[in-house]
Each structure stands twice: as structure tokens, then as C-alpha cells.
Amino acid sequence: MRKTFLLVCIGFLCHWVNAQELTSPDKNLSLRFSLQQKGVPVYALTYKGKEVVKTSHLGLELKNITSLLDSFEVKEAKTSSFDETWQPVWGEVKDIRNHYNELAVTLHQTSTDRYLVVRFRLFNDGLGFRYEFPQQKNLQYFVIKEEKTQFALAGDHKAFWLPGDYDTQEYSTVTSNLSEVRGKMKAAITENTSQTTFSPTGLQTPLMMKSKDGLYINIHEAALINYSALSLNLDDTNMVLESVLTPDAVGDKGYMQAPCQSPWRTVVVSDKAADILESKLILNLNEPTKFADAGSWIKPIKYVGVWWEMITGKSTWSYTDLSNVQLGVTDFSKATPNGKHAANTAHVKEYIDFAAKHGFGGVLVEGWNEGWEDWFGKSKDYVFDFVTPYPDFDVQELHRYAASKGVKIIMHHETSGSIRNYERHMDTAYRFMVNNGYNAVKSGYVGNMIPRGEHHYGQWLVNHYLYAITKAADYKIMIDAHESVHMTGLSRTYPNLLAQESARGTEYESFGGNNPDHTTILPFTRLMGGPMDYTPGIFQTKISAYNPDNNSWVRSTIARQLALYVTMYSPFQMAADLPETYNKFLDAFQFIKDVAVDWDDTHVLEAEPGDYITTARKAKGTNNWFIGSTCDENGRVSKIDFKFLDEGKKYIATVYSDAKDAHYEKNPQAYTIRKGIVTSKSQLAQLCAPGGGYAISVVEATDAAALKGLKPLK
């Protein structure tokens, strides 16, 4: 027995000989880097002594030349520390601390005389690392065949996963142990307009996991620029995740020119679920903003829009029922209207009036421009020109009318995947926006890509998305991109990227529905990389009320829909339902009117992925707070306290909660509203119905008269 123990120790010491070690500023996280036999680089990560990532390989496989996988020696290892506090242009908090210890290891591949730097940054909330390719004689232009980064896990973790796909994230999240992925994969792959799965154990990032010993682990990437998006392939025998990059049309994973670097690979970890949601690690791994005057033109927006009525089938995007149109050839002025086209001048004015009456800054209008009759599924190159309206949409009159009401119309650019066409028209389209009073655009990338064979998440498209953002900035235009690549914190560098969809949003409530636990998972997955345009606020949960032929329904109570304005963070926040529906529930709609879209502070009060999230946020420049709580199909009693409030002050809390008999399926529109006094010492036990939740506005009582007749909140 003594001999066996000695051999194990000797093996361990040999493995980690000449190891480089790094700890986080709070000493809870520990990283080790070393070279195995044959010069193979490896790393490992622990949190409070528990294994997070076991010994895992690093490196890249290159095309037609010797790969960067082995034969390395450590040429140099430098450690440093960094600590700053910075202010985002908009965000969940006013100040963000960027505090890490760094290890930069320069590796020399002796067989090729090439150099590779692996840079690690260890924060209190996790690890970021990337590959850097310095300027050098023997590695200038190269093609990545595959990145070979591993994340060797310490067990068969519970995971919240999407099927690995190069073209869509619009799947329902599956909750299972990793060992069950293979058996559940077929059912998890549901139909989509563009999809390319790659493995029976392929997974997307962000990947959220929970270990059996209580660690919450999130794997993703940061600062995705000029590189293919990261996915993971699971070795379900050994519980090892390995990187998979999105290929281009000929199968290559990336065309590189040194000096250059990969995106950061991120591992956020804690023994508290709330810490995962409060992490700013991914933002911190991005560069500071490129715009010196960002605050003067980049403004968070709360908006309504001509959209949900088309999603439900009540109205149409297209002006006619023609099945074959050609831009510049089809004369829409002589075509017969279908009578259901929503983006007409009179109807858009109704939305502008509603927005102005209730204090909303924007009105999104989809389906305003020629070409919607056969926009999808035809592989058309010249599908839209982004400037020519249908005959019933008066651009100039709507510009005048919206301006007179203090409202901005939000542009819509659907590309139908024809990227070459969009880039040809982009300058003209952005100038058209500026000339007609638009300062924000919702862009879309539905369907397969043109150039044909390219994928939504490949290097070519990643570069296009950034080109659209930077080109928009030239015109002081803000972006909300749909069907694009997952977010990786780039909104720090390019804050005109207000939000993206890049996940299964509210629209799917009209396409069969989202699972009741959906909004208890998305903040742990999709939102790790940045804000989502989830489009909440649906009060009429039966879609058949708008379209008798659509029997889908929203798996949520009204109270939970209100909560999403707090739990699903976005500076680009839509009240998605129809004005006529909101007019029936104006007391509940008041919360949507009141809730902020930019924040000075955020506290996650309680959280468990897949079960519940309760978040409190302090509105920018005020002493008012908003609280939201969302739960799964089981319902629960949420127990919170208000210790985040200023001591010695009194606040008026307005609670929008599920009624006692509320239920996401049986009674979704049952809610109650009550008011009470709260202080920093107050506590609340609040019932959440199945598929329900609650929302609370907390306003400082600066006038004693406002407290008259109110009792402490219970």
C-alpha cells in the first residue's frame, strides 16, 4: 500500500514538473499550467480545493503544416496583476471592477521554431485564457483545421444544454446529466429555418452545469473577433469537453495572419448560483469602448412595435399575396393588396400614438419594405434593398408624425441570409435611416447563408456582424441583431450593439410554445454573453385570440411576464403585445411603463438554474428599485429581504403578483396588485404560481404624505 501511494505521488510530481501556478485575487481559484511528456501543454483549475477542470490539453491543429499541439518548451512565463474600475455606457451596474492575476506562458515549438503564447487571467469569479500568435518568421499565414482546447470535467454534471449547431441556437434547453446527452440528442433537435448539427454529443456555449458537490460551472467565450464561434463536443465516456469551431463552406475553421489571437475561453465558477449571474468576467475580457462620444448617441430604449401581430398570423409582413416578385421589376403600385399588411401608415400611427401616450421611446416596424412576398427559402441574392417602401407606407409622413410625438421609429433590416446583398446596400440603407429619423435597427439573418455554404457562426459571418456594427457606428446607429452569433461581451467595446436575439425568444410562444422553465435558464446560458432582445410582455396568452388558426399558447402568467423586464436584462426592451390588449390590463401594464432599461446596481437575491431567479435592480440615476421573480412549472414561495435598500429610509413597494388561483396553463391572467411600506429590514414571502412569478416597483417615499394609509408590506 505504501509503495502504491509513493508511485502515485511520483507520477503526479512528474506530471506537474516545472508547473506554473496562479491564484485568483481572493485565493479561491487556483490554476496550474505545465507541459506533459512530448511537450504537450496542459492546464487544470480548482475552486476552494474542488476540481473544476481536471488536467486538460491545449493547442491547435493546423492545415497542411505541423500543428501546435506538442513538442513545446516553456520559453518564458510572466505573471502580473491588474485592478481597475470602469463604467459601462449602459449596463446592469454603474461600476464594474476588473481585477485579475495573469500568467502569460510563451511556448517554443522546437521542431518548427514557432512560438505560441497562452495567456491566462484568473478572476475571483473564474478563468479566461486565449492563444496568441506573435509576429514570427515561421508562422505568418496559417489555416486552423481545428482548435483542440479541452475542458476535462470532474464528474457527470447536471447540464443545461442545446444541441451543437453551426446555424441556430433556437432550440429548447435540455436539462440532464451529461451522460444522457447522447440519448436525448435526437429529440432535442427540432426543426428550424437553418440548422447544421455536427455530433450526437455536440453542445453549444454558453454551457451551464452543476456538479454533484455543488459547484456551478459555465463555459463560454469572450471577445469573438475574426474567428469562428466555439462549440463543444463531449466525450461521454471520460467526461471531457473539446472545442469545435464552426467551419466555412470548404470545411476550414479559420484563416489567420500573425500577429493575432483567439477569443478568450471562459470558465465562470462558484458555489452560489447567483454569483454566476452577477459575473462580469466576460465583459472584462473585452476591450474598452472604441467610441469616445458613446454616451451622446447610444441610449437604451423601451419600445412597442408592429411585430407580434405578424408572428401570431393576425397580420402579414407582405403587401400582396403574389408568390413571385422581383425588386425593380414588380410594380407594387398596380398590385392588389392582401388587406392584412400591418406596416401601413395609418396603423403605424396608432402604435406611435400608443408609444407617446405611455412614454415609450420607440416603435419597431417590420414588413415596411418591398420584397416580403417571397423573401424566405428561395435562396434569393437580391431579396431586399432596405430603402423602398410598399405603397401603403409613407416614410416621410411617418417621420414627421413620429417626431411630432417625440417617438423614434426603429428600422428593420431582414437580410434573409443574403449577406453579400446586405453589404452592397449597407451604406445606402444607413444613410436612408439617418435622413428619415431612425437611430436604431433590428437586423435579421433568417435562413441559409449567401455566400452559399457559409454558416451563421463561421469566421466569415462573425466578421460580417462586426462590420455591420462598426459601419452603423459611423452613422450613430444602434444595433439589435437577430439570428446572429452568440454574444461574447462585445457590447463593452461596441456599445451600439444594444442587444441580440441569438436564442429561442418569445416568438416561439406562437410556434408551439417555450417550456415553463425557459426563462429560469436563459440568464445562465444565453445572457452570459450579453443582453437579449427576448420581447416579453405578452398578456394575451392564447394565440387563437389573434389568429383562430393558431392554437399555440404562452406558458406564463401575466405576473411572470412583468418579472421578465427585470430578470431578462436588456437595454433594448420591447412591450411585445398589441396595444388593444394592454388597454384591457392598464393596471398591470403600469409596471412595464415604470420599469427602467438602464441600471446603477443589480443584486440576484435567489437563483437556481431551471427552477427560479429573483433579481433586484436600481434604476439609473435614481433611488428606485425594481424586482422580478420567475419560476418553473412547479411554482414556489419566494423568500427575500430588502437589505439592499438604504438604511433609515422608507419606500413604497407596489407588488404585481400571481393570484392564489393563477396557473400558467389554467389561469394565466389572474394577478393581484397591492402596495405597502418597505425598509432595509423588510422581508417578503411571496407565492409564485406554476409558470409564474412577481414584479415589484420600489420607490423612495420622499413625501411623508405618500405613506398615508399604507401598512408595512407582508
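Bear in mind that the values here come from a model prediction, so they are computed numbers and not experimental data.
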Give a yes or no on whether the backbone of [Y] and the side-chain of [X] come within a donor-acceptor separation of less than 3.5 Å.
| X | Y | value |
| --- | --- | --- |
| S24 | N28 | yes |
| Q204 | P163 | yes |
| Q150 | A152 | no |

Look at the aromatic rings of [X] and [Y] and report parallel, tilted or perpendicular, splitting at 30° and 60°.
| X | Y | result |
| --- | --- | --- |
| F120 | Y43 | tilted |
| W460 | H464 | parallel |
| Y100 | F82 | parallel |
| Y422 | F386 | tilted |
| H220 | H486 | perpendicular |
| H108 | Y115 | parallel |
| Y166 | F198 | parallel |

May I ask you to check whether over 12 heavy atoms, not counting those of [X], lie within 6.0 Å of atom [atom1]?
| X | atom1 | answer |
| --- | --- | --- |
| E423 | CD | yes |
| Q37 | CD | no |
| R420 | CZ | no |
| K94 | NZ | no |
| K290 | NZ | no |
| K145 | NZ | no |

For the residue pair [X] and [Y], confirm or rule out a side-chain donor-acceptor distance under 3.5 Å.
| X | Y | value |
| --- | --- | --- |
| D165 | T197 | no |
| Y255 | N226 | no |
| T85 | D95 | no |
| D381 | N421 | no |
| S416 | E414 | no |
| Y227 | Q261 | no |

For W297, check ring pair (Phe, Tyr, Trp, His ring centres under 6.0 Å) against everything at least two apart and list the hits.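 So W297 forms a ring pair (Phe, Tyr, Trp, His ring centres under 6.0 Å) with F291.
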
Between CG of D533 and CD of Q573, what distance do you get to the nearest 0.5 Å?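 The distance works out to 7.5 Å.
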
Residues 425-434 vs salt bridge (Lys or Arg N to Asp or Glu O under 4.0 Å), sequence neighbours excluded, gives D427-K471

Once salt bridge (Lys or Arg N to Asp or Glu O under 4.0 Å) is applied, what residue pairs with a partner in residues 39-48 remain, sequence neighbours excluded?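 Qualifying pairs: K48-D271.
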
State, with a plain yes or no, whether a side-chain heavy atom of M478 is found less than 4.5 Å away from one of I301.
-> yes

Trace of the side-chain hydrogen bond (donor to acceptor under 3.5 Å, both in side chains) decision for H455 with D167: CA-CA 6 Å; H455 296 292; D167 284 296; 2.8 Å; yes

For V52, which of L31, T46, L127, L215 qualifies under side chain to side chain contact (heavy atoms under 4.5 Å, CB included)?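 The residue from L31, T46, L127, L215 that satisfies side chain to side chain contact (heavy atoms under 4.5 Å, CB included) with V52 turns out to be L215.
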
In L69, L68, L139, N138, the residue satisfying side chain to side chain contact (heavy atoms under 4.5 Å, CB included) with Q109 is L68

* To do: May I ask you to check if R492 and W86 form a cation-pi contact, with NZ or CZ under 6.0 angstrom from the six-membered ring centre and within 45° of the axis?
  =>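 Here R492 passes the 6.0 Å and 45° test against W86.
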
Review point. So, F524 versus Y216, ring centres under 6.0 angstrom or not?
Key: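 F524 vs Y216: aromatic centres not under 6.0 Å.
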
